[in-house]
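Shown next, in structure tokens, is the structure this report addresses.
Throughout, a chain's letter reflects where its sequence line sits, starting with A, and its residues are numbered from 1.
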Amino acid sequence: ETGVTQTPRHLVMGMTNKKSLKCEQHLGHNAMYWYKQSAKKPLELMFVYSLEERVENNSVPSRFSPECPNSSHLFLHLHTLQPEDSALYLCASSQEGTDGDTQYFGPGTRLTVL
Amino acid sequence: AQSVTQLDSQVPVFEEAPVELRCNYSSSVSVYLFWYVQYPNQGLQLLLKYLSGSTLVKGINGFEAEFNKSQTSFHLRKPSVHISDTAEYFCAVSDREDSSYKLIFGSGTRLLVRP
């Protein structure tokens, strides 16, 4: 499955580090999403971008900062994270208004905060 | 607000046996319904979806699901499972009247196929 790619696949960082997660979609979609998947918890929607504008921000702490420079790329900038932020971060994309807004997911970045 | 219930957190089944994973959603308004599968250390892969039309939907890997509006259910079935079907399965629903892009996920069902 190469429609949505994410890098890196694994990331270990200290609480004082700054890092970025990258997502790229090759499906020609116009909406992109960040989700957080923690053990024993349902998927949490973090951010939604439609036509490169942020349309949803689900009360995510400011230590997570998204960026969508164009419709194919989405970043999640991380700084001063906490150990409880360790999780699988999933990116998804969809074509707004068609196909039931079906979301297609990337493989995820497994983040560990020490 | 919509909610999705997957009653079974884990379903153990023997190889070549049939399986049904249950999914119920809360509201009877117009919805889109999805099943995703997640293999270990991977993202979510779309198995099948119901947007409109026939209530019996066929997906990849031999899975199918039936939309039942009166029971607000969208159960996933496979007549004969393989070891490779061992994974986490997520049901999701979006409200066709809601333009907030939200896809509401269930908590997942772990399918464990034993030889």
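- Across all non-hydrogen atoms, the minimal contact from A:Gly100 to B:Ser94 is O-OG, 4.4 Å.
- Interatomic distance, B:Gln45 CD to A:Tyr104 OH, rounded to the nearest 0.5 Å: 11.0 Å.
- B:Val11 and B:Val81 fall within the same hydrophobic cluster, where Ile, Leu, Val, Met, Phe, Trp and Tyr residues are linked whenever their side-chain heavy atoms come under 4.5 Å apart, directly or through other members.
- Linking ILVMFWY residues whenever their side-chain heavy atoms come closer than 4.5 Å, directly or via other members, leaves B:Leu56 and B:Phe67 in distinct clusters.
- In this structure, chain B has a heavy atom under 4.5 Å from the side chain of A:Gln37, while its backbone stays farther away.
- Contact of B:Phe90 with chain A is made through the side chain alone, with heavy-atom distances under 4.5 Å.
- Grouping the Ile, Leu, Val, Met, Phe, Trp and Tyr side chains by contacts below 4.5 angstrom, directly or via other members, places B:Phe63 with B:Leu33.
- A:Gln103 is listed as a side-chain neighbour of B:Tyr36, based on a closest heavy-atom distance under 4.5 Å.
- The closest side-chain heavy-atom distance from B:Leu44 to A:Leu43 is below 4.5 Å.
- More than 12 non-hydrogen atoms from other residues, nucleotides or ligands lie less than 6.0 angstrom from CD of A:Glu84.
- Atom CG of A:Asn17 is surrounded by more than 12 heavy atoms from other residues, nucleotides or ligands within 6.0 Å.
- Chain A forms the most heavy-atom pairs under 4.5 Å with one residue out of B:Tyr32, B:Tyr39, B:Tyr50, and that residue is B:Tyr32.
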*For A:Thr102 and B:Leu46, run side chain to side chain contact (heavy atoms under 4.5 Å, CB included): C-alpha distance rounded to whole Å, both residues' side-chain angles, the deciding distance at 0.1 Å, then the answer.*
CA-CA 9 Å; A:Thr102 301; B:Leu46 181 68; 3.6 Å; yes

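- Atom CD in B:Gln42 sits 11.5 Å away from atom CG in A:Leu90 (nearest 0.5 Å).
- Put simply, A:Val60 and A:Val48 are part of two different groups of oily side chains (I, L, V, M, F, W, Y) that touch within less than 4.5 Å, one to the next.
- Separating the CG atom in A:Asp99 from the CG atom in B:Leu51 is a distance of 6.0 Å, to the nearest 0.5 Å.
- Residues A:Leu21 and A:Leu74 fall within the same hydrophobic cluster, defined by Ile, Leu, Val, Met, Phe, Trp and Tyr side chains chained together at heavy-atom separations under 4.5 Å.
- Note that CG of A:Leu88 is 8.5 Å distant from CG of B:Asn41, once rounded to the nearest 0.5 Å.
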